[in-house]
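A short worksheet on the structure shown next.
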Amino acid sequence: MNSSPTLVILPGLDGTGTLSETFAGGNWDDQRVVVLPLPADGPQDYDMLESALAARLPEGPLVLLGESFTSPLASRLAARERGRVEALILAGGFCAAPRSPSFSLIPLRSLFLMKPPVGLLRRFLLGDDAPGEAVEALLKAVESISAETLANRVETVLALAEDECPSPEGLPVLLLQARHDEVIPWEAQSKLERHFPEAKVVWIEGPHLLLDRRPDECREAVKAFLAGL
């Protein structure tokens with residue numbers, strides 16, 4: 001590499017980036033890290049989000065990190081900006097609509113119109129051992145975004161086809177997979193690994209929101225990956 005790339009973090013479903021603060025704000029040595037929040041309103045399909053975020057990417061070489069909802073978006077941006085994206089990282093990601101039984105239990109729009117039950121957040125997103133402050137942080141992030149926006153993002157995920165998620169040839173890829181993911185089932189995790197057959201895969205003991213709940217383990221995995229580029 002001629003110069004150190006900027007690590008750009010695309011936050012998950014809430015899109016605010018607040019849940020990635022511990023991960024992004026830790027010890028990165030000399031690595032520059034930028035969190036790029038999603039548009040809080042307007043269309044939430046991947047085509048529109050790709051265009052919106054492409055215009056806001058930092059200049060120079062980049063490494064893109066997509067978390068959960070933004071994992072297909074990071075793949076698309078990596079293909080779009082192939083000349084300067086030097087690596088791709090997906091945390092709790094997927095390359096097609098994850099047909100998890102969990103989704104049949106979640107009433108999308110009505111869920112986001114009310115305060116989500118703490119038990120639901122722990123079971124599907126944070127893990128049963130999540131402390132109260134982690135639950136409160138997630139509630140605050142969810143409540144800062146409109147129910148319509150959140151529901152539209154989930155519907156975008158459920159409409160995703162694998163051919164809409166590019167895998168740029170020759171691009172180094174790191175997959176951070178959650179061993180206790182109650183949102184992305186094993187079949188979808190396995191499909192993601194087949195979609196990126198040359199990727200480095202790191203399995204982390206944690207729930208779906210890996211960057212939030214296992215920030216240190218994720219950071220060390222990313223730093224080791226970047227050091228090997």
Side-chain angles (χ1 to χ4, degrees), residues 9-20 36-54 64-80 88-113 116 120-121 123-126 138 141-167 173 175-178 180-196 199 206-213:
I9 300 171
L10 308 179
L13 187 69
D14 68 291
T16 63
T18 59
L19 299 178
S20 306
L36 197 62
L38 303 182
D41 49 29
Q44 298 296 315
D45 59 275
Y46 286 129
D47 286 341
M48 296 300 294
L49 291 175
E50 177 187 339
S51 296
L53 293 186
L64 300 181
L65 190 163
E67 181 188 17
S68 185
F69 171 72
T70 56
S71 53
L73 185 56
S75 299
R76 292 166 64 114
L77 286 168
R80 180 180 181 135
L88 173 67
I89 303 168
L90 306 180
F94 48 87
C95 60
R99 302 301 180 186
S100 169
S102 303
F103 285 121
S104 66
L105 304 178
I106 304 174
L108 298 181
R109 292 189 182 273
S110 59
L111 171 65
F112 296 126
L113 288 173
L120 189 71
L121 297 179
R123 176 184 175 188
F124 291 114
L125 300 175
L126 296 170
L138 178 55
V142 169
E143 290 169 355
S144 71
I145 303 299
S146 74
E148 180 180 8
T149 292
L150 291 171
N152 286 342
R153 288 174 183 168
V154 174
E155 289 170 353
T156 292
V157 170
L158 296 179
L160 179 68
E162 188 171 356
D163 60 7
E164 297 176 288
C165 184
S167 53
V173 178
L175 304 180
L176 299 177
Q177 301 269 53
H180 308 292
D181 200 322
E182 293 292 335
V183 174
I184 310 299
W186 160 247
E187 291 79 6
Q189 292 175 316
S190 180
K191 178 181 285 189
L192 183 67
E193 293 185 15
R194 294 194 301 272
H195 192 75
F196 294 100
H208 181 64
L209 294 184
L210 279 177
L211 301 189
D212 178 29
R213 297 290 291 118

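The heavy-atom pair separating Leu90 from Ala74 by the smallest distance is CD2-CB, 4.1 Å. Closest of all the heavy-atom pairs between Thr18 and Ala141 is OG1-CB, 3.7 Å. Closest approach of Leu38 to Pro11, counting heavy atoms only: CD1-O, 4.3 Å. Smallest separation of non-hydrogen atoms from Pro39 and Leu53: CD-CD2, 4.3 Å. Minimum heavy-atom separation, Ala188 to Pro98: CB-CB, 4.1 Å. Between Leu150 and Asp14, the closest heavy-atom pair is CD2-CA, 4.2 Å.
Under 3.5 Å, the side chains of Arg194 and Ser190 contain a donor-acceptor pair of N or O atoms.
One distance of note links CD1 of Ile145 with CG of Asn152; it measures 12.5 Å at 0.5 Å rounding. Between the CG atom of Leu192 and the OG atom of Ser75 there is a distance of 7.5 Å, given to the nearest 0.5 Å. Here Leu19 contributes atom CG and Leu138 contributes atom CG; the two are 5.5 Å apart, rounded to the nearest 0.5 Å. Separation of atoms CG (Asp212) and CG (Leu125) is listed at 9.5 Å; rounding is to 0.5 Å. Taken to the nearest 0.5 Å, the CG atom of Asp45 stands 11.5 Å off from the CZ atom of Arg153. Taking CG of Leu65 as the start and CG of Leu10 as the end, the distance is 7.5 Å to the nearest 0.5 Å.
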Item to check | Evaluation steps, side-chain contact (heavy atoms from CB on, under 4.5 Å), between Tyr46 and Leu77 | outcome: CA-CA 10 Å; Tyr46 286 129; Leu77 286 168; over 6 Å; no
Next on the checklist: For Arg80 and Ser51: C-alpha separation, side-chain torsions, deciding distance, then whether side-chain contact (heavy atoms from CB on, under 4.5 Å) applies.
Outcome noted: CA-CA 10 Å; Arg80 180 180 181 135; Ser51 296; 3.9 Å; yes
Checklist entry - Should Ser68 and Leu13 be marked as a side-chain contact (heavy atoms from CB on, under 4.5 Å) after you check the CA-CA gap, both sets of side-chain angles, and the distance that decides it? => result CA-CA 7 Å; Ser68 185; Leu13 187 69; 5.6 Å; no
Next on the checklist: Checking Ile9 against Glu67 for the side-chain contact (heavy atoms from CB on, under 4.5 Å) test, could you report, in this order, the C-alpha distance in whole Å, the side-chain angles of both residues, the deciding distance, and whether it holds?
Outcome noted: CA-CA 8 Å; Ile9 300 171; Glu67 181 188 17; 5.7 Å; no
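At least one donor-acceptor pair under 3.5 Å links the side chain of Ser71 to the backbone N or O of Phe94. The backbone N or O of Gln189 sits less than 3.5 Å from a side-chain atom of Gln177, completing a donor-acceptor pair. At distances below 3.5 Å, at least one donor-acceptor pair connects side-chain atoms of Ser146 with backbone N or O atoms of Thr149. Judged purely by atom type and a 3.5 angstrom limit, Thr156 uses its side chain to pair as donor or acceptor with the backbone of Gln44.
Looking only at side-chain heavy atoms (C-beta outward), Glu164 and Arg76 come within less than 4.5 Å of each other.
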